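Remember, it's a predicted structure, so these values are computed and weren't measured experimentally.
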Amino acid sequence: MRSGSTFISDVIASHPSSHFIFEPFSRAIRKIRKKAPIVLINGTVIIPLPDEEANLMSELLFSWLTCNYGGLDSDILLNLPITHSTKKFHLCLKTNHSLNNETVLQKCVRILQIQCETINLRVVKTIRLRMRTTVENILKRIPGLKVIHLFRDQRPRLLSAERTPTMLFHSLQTTAKSECSNALDDIVIHQELERTYPGQLATVLYERLAENPLVVSKRIFTFLQLSFTRKSFEYIKNITSSATAVPCSFCTKKKNSTKTAHAWRTKKSLDFEKIKMIQKECKETQNALGYLPLNSTTEMRNTSVNLRMTTPFTLDAL
């Protein structure tokens, strides 16, 4: 969360042939953890069992990526976030409200099904999957699947996440310890998977994308074996160097994406003690990603001081 994942998904989904699904797993994970029934479109009812989260998430992701909409939870589909790919689906739901829910859903899901089957690029953006479990499982099942693994400096990421409702019930230190431990494990598994699936995994650092959006975007498209179209070029240029920014924490249109990426360093209200705490809890993760520690408030404010170095893990980052 707050890693720039919406930004990078906007970049990829700008390709004209993309079928883009945004964060489809938030409701699913809540259901799984509460052991609530998951009712699929095809009528199957799944009662989540302990320690089955990774397997269930793999099944749902497999359904998204293979256009098997009958294997998806009806509740998740009804609450699917709107993207350019799901607008017609949501319009169908809205205009057919006089029919019963099951009939409407069956009819409208067909729109998604056809679009998914006839479009070359299927994109799922999610911050809720782990490399060790779900991603490893799905790579085994879908030949040629491409995985773009996004990272951001944990300091601004966690400080930004702290202001969201998700963290109301967790301390910053607890979250830093847990999430940086998970990120470090993801890095280890990523390296193992790269050896097994050469050419199918790529690392992206948010700061590199924000500083050189057109260059890095072109590299991402090359990795995905896609042409970097004029439409994508103009769209990415617009959202990273816009005349006007959208006043929205989760929006991607910014006046200057480089300035946005580094704005945390000059924020007057920032407590440097929080920075030191994050650096302590996330030391191994930051080292693996090449994010250098700050020693003082003065050093933090001096934006001419570079905070990144290349590491063995980021050597081939896009």
Side-chain angles (χ1 to χ4, degrees), residues 3-5 7-15 17-21 25 54-55 57-68 116 119-154 180-229 232 236 284-291 308-318:
S3 61
S5 57
F7 176 29
I8 193 172
S9 67
D10 263 9
V11 166
I12 299 167
S14 70
H15 195 276
S17 67
S18 67
H19 179 67
F20 177 39
I21 301 299
F25 300 117
N55 288 336
M57 295 301 287
S58 293
E59 288 301 321
L60 292 174
L61 181 56
F62 184 78
S63 291
W64 283 115
L65 292 171
T66 58
C67 307
N68 176 26
C116 182
I119 283 182
N120 295 327
L121 175 64
R122 299 168 193 166
V123 182
V124 175
K125 178 267 183 184
T126 177
I127 59 171
R128 293 174 169 84
L129 304 182
R130 297 295 310 282
M131 297 297 286
R132 182 179 291 276
T133 51
T134 308
V135 176
E136 185 173 9
N137 289 344
I138 209 70
L139 277 165
K140 294 175 183 176
R141 299 180 67 184
I142 302 181
L145 178 73
K146 299 279 189 175
V147 177
I148 294 179
H149 197 177
L150 175 69
F151 290 96
R152 183 186 183 185
D153 186 332
Q154 298 295 331
C180 286
S181 174
N182 287 343
L184 188 61
D185 183 66
D186 283 338
I187 290 169
V188 171
I189 301 304
H190 179 124
Q191 291 171 311
E192 292 177 8
L193 291 173
E194 272 191 315
R195 291 190 285 273
T196 308
Y197 303 96
Q200 289 182 233
L201 293 93
T203 304
V204 173
L205 299 180
Y206 162 71
E207 291 82 7
R208 285 192 189 179
L209 177 60
E211 291 162 1
N212 298 286
L214 294 171
V215 171
V216 176
S217 294
K218 189 172 182 179
R219 289 177 188 156
I220 291 170
F221 277 56
T222 298
F223 166 72
L224 295 174
Q225 298 177 314
L226 298 170
S227 58
F228 191 44
T229 67
S232 291
I236 295 163
E284 288 184 86
T285 303
Q286 293 286 85
N287 286 346
L289 294 170
Y291 292 110
R308 297 199 311 276
M309 63 176 286
T310 300
T311 68
F313 181 68
T314 64
L315 187 62
D316 297 323
L318 302 179

I want to check something: taking the side chain as every heavy atom from C-beta on, are F7 and Y206 in contact at a cut-off of under 4.5 Å? yes
For the residue pair A183 and F151, what are the closest heavy atoms and their distance? O-CE2, 4.3 Å
Any ion pair linking R130 and D186 (charged N to carboxylate O, less than 4.0 Å)? yes
If you define the side chain from C-beta out and look only at heavy atoms, does anything of Y291 sit under 4.5 Å from M309? no
Short side-chain to backbone donor-acceptor contact, T222 and K218, under 3.5 Å: yes
Among D316, T310, T311, which residue satisfies the side-chain hydrogen bond (donor to acceptor under 3.5 Å, both in side chains) criterion with T314? T311
Any donor-acceptor pair under 3.5 Å from T203 side chain to A317 backbone: no
Would you find a donor on one side and an acceptor on the other, under 3.5 Å apart, between the side chain of R122 and the backbone of H19? no
Given side chains that start at C-beta, do those of S14 and I236 come closer than 4.5 Å, heavy atoms only? yes
Do other residues, nucleotides or ligands put more than 12 heavy atoms under 6.0 Å from E192 CD? yes
I need the minimum non-hydrogen distance between I127 and S5, along with the two atoms involved. CG2-OG, 3.4 Å
Using 30° and 60° as the class boundaries, would you call the ring planes of F221 and H15 parallel, tilted or perpendicular? tilted
Mark yes or no for whether Q200, through its side chain, and V147, through its backbone, hold a donor-acceptor pair below 3.5 Å. no
CZ-CD distance between F313 and E194, expressed to the nearest 0.5 angstrom: 6.5 Å
Closest approach of S217 and L209, non-hydrogen atoms and distance? OG-CD1, 3.7 Å
With a 4.5 Å cut-off on side-chain heavy atoms, are I21 and V123 touching? no
Residues I12, F20; criterion side-chain contact (heavy atoms from CB on, under 4.5 Å); working and verdict: CA-CA 9 Å; I12 299 167; F20 177 39; over 6 Å; no
How long is the span from the CG atom in D10 to the OG atom in S18, to the nearest 0.5 Å? 10.0 Å
Between CG on residue L145 and CG on residue L61, distance to nearest 0.5 Å: 7.5 Å
Salt bridge present between E136 and R141 (N-O < 4.0 angstrom): no
Find out whether I148 and I8 are in side-chain contact, i.e. whether some heavy atom of one side chain is under 4.5 Å from a heavy atom of the other. yes
Tightest non-hydrogen contact, residues F223 and G199, listed as CE1-O, 3.4 Å
State, with a plain yes or no, whether a side-chain heavy atom of H149 is found less than 4.5 Å away from one of V204. no
Quick one, I187 with L289, criterion side-chain contact (heavy atoms from CB on, under 4.5 Å). Give me CA distance, side-chain angles, the key distance, then yes/no. CA-CA 9 Å; I187 290 169; L289 294 170; 3.9 Å; yes
Mind listing the closest non-hydrogen atom pair of T285 and C180 along with its distance? OG1-O, 2.7 Å
Return the CG to CD distance between N212 and E207, rounded to the nearest 0.5 Å. 12.0 Å
Would you say the side chain of V216 lies within less than 4.5 Å of the side chain of L205, judging by non-hydrogen atoms? no
Heavy-atom pair with the smallest gap, counting every atom of S3 and R152: O-CB, 3.7 Å
Taking the side chain as C-beta and beyond, is there a heavy-atom pair between L139 and L201 under 4.5 Å? yes
How far does CD of Q191 sit from OG1 of T196, to the nearest 0.5 angstrom? 12.0 Å
When rounded to the nearest 0.5 angstrom, what distance separates CZ in R219 from CG in L318? 7.5 Å
